[in-house]
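Here the structure is laid out as structure tokens; the discussion comes afterwards.
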2 protein chains.
Amino acid sequence: MSNDQQYPIPDLAEVELVDVLRALADPVRLQILQVLADGRAHPKSQPEWGLDLQKSTLSHHFKTMREAGLTETLVDGRTHEIRLRRDELAVRFPGLIDSLLAAR
Amino acid sequence: MSNDQQYPIPDLAEVELVDVLRALADPVRLQILQVLADGRAHPKSQPEWGLDLQKSTLSHHFKTMREAGLTETLVDGRTHEIRLRRDELAVRFPGLIDSLLAAR
DNA sequence: AAATCAGTTCGATTAATGTCAAACGATCAG
DNA sequence: CTGATCGTTTGACATTAATCGAACTGATTT
């Protein structure tokens, strides 16, 4: 079996703006967001993100973003990928992700 | 003399997105932002904001927002007003403030 | 001049957060 | 089966941040 989503993600209807902002008010997670901007799924492996962090720290940031409704996880064997929930976010918070990704 | 702006505000060119997000990733300051959404200057006095906080706490939040580039202060004698730097913010972070104010 | 008022600053307390290392669980390779 | 790999969880530590009350500053009023 592969690509089953099996980490719990919140319904965006229950996510508040302040939750999303808290999740993104961190340089590491903002960098992760930028990488995810291409709309594709990215492996959780360290080299992917251009960040000099331990894997446990990275794992913490992934969890934070997922619980804030920003990402979903795709599990395939022992590797994981994450994807930005861009369409759903655009419905819940129109224009927000776009403006964040456009900022330099 | 009145309405001289005399609290230092940063040049938005030097403000990073993460600074703005940190400043807004708080329910109190998000509420203040909503009040400022009408574009007018609002007095710092407590009844204005619908928040049950001591004045020293409110003062802390105003300072945080000002230093993040979100607001400017207008001093008139012993009373102060603050205003959202909306036009400048729209140039530096296009669409961001609008999407935040539209979120429910 | 003295009292009052608006707002800031300071110090203390408490809670939340980012980071790492170590241990753990599950999957895959030999 | 054994060992390596991917990622999570846990616990510890240090830092940041929100809040309050008290003291303070400067402006206004009496």
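What you see below is based on every heavy atom in this structure, not just the backbone, and it leaves out hydrogens, waters and symmetry mates. Protein chains get the first letters and strands the later ones, always in sequence-line order, with residue 1 at the start of each.
A/Arg66 places no side-chain N or O within donor-acceptor distance of the main-chain N or O of A/Thr73, the cut-off being under 3.5 Å. The backbone N or O of A/Arg104 sits less than 3.5 Å from a side-chain atom of B/Arg92, completing a donor-acceptor pair. Side-chain atoms of A/Gln31 come within 3.5 Å of backbone atoms of A/Trp49 as a donor-acceptor pair (strictly under, hydrogens ignored).
The local environment of CG in A/Asp87 is sparse, with at most 12 non-hydrogen atoms from other residues, nucleotides or ligands closer than 6.0 Å.
Of all non-hydrogen atoms in A/Leu89 and A/Ile97, the two that sit nearest each other are CB-CG1, 3.9 Å. Minimum interatomic distance between A/Ser99 and B/Gly95 (heavy atoms only, all atoms of both residues): CB-C, 3.7 Å.
The shortest distance between the side-chain N/O atoms of B/Gln54 and the OP1/OP2 oxygens of D/dT19 is not below 4.0 Å.
The distance from atom CG of B/Leu51 to atom C1' of D/dC20 is 15 Å, rounded to the nearest whole Å.
Residue pairs meeting the salt bridge (Lys or Arg N to Asp or Glu O under 4.0 Å) criterion with at least one partner in residues 44-57 of chain B, sequence neighbours excluded, do not occur; the list is empty.
We find that B/Asp98 and B/Arg86 are joined by a salt bridge, their nearest charged nitrogen and carboxylate oxygen being less than 4.0 Å apart.
Across residues 15-27 of chain A, not one residue has a non-hydrogen atom less than 4.0 Å from an atom of DNA chain D.
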Shorter than 3.5 Å, N or O on both sides, protein versus nucleotides 7-10 of chain D: list them out with atom names.
| from | atom 1 | to | atom 2 | distance (Å) |
| --- | --- | --- | --- | --- |
| D/dG7 | OP1 | A/His80 | N | 3.1 |
| D/dG7 | O3' | A/His80 | ND1 | 3.1 |
| D/dG7 | N7 | A/Lys55 | NZ | 2.8 |
| D/dG7 | O6 | A/Lys55 | NZ | 3.0 |
| D/dT8 | OP1 | A/Lys44 | NZ | 2.5 |
| D/dT8 | OP2 | A/Ser59 | OG | 2.7 |
| D/dT8 | O5' | A/Ser59 | OG | 3.3 |

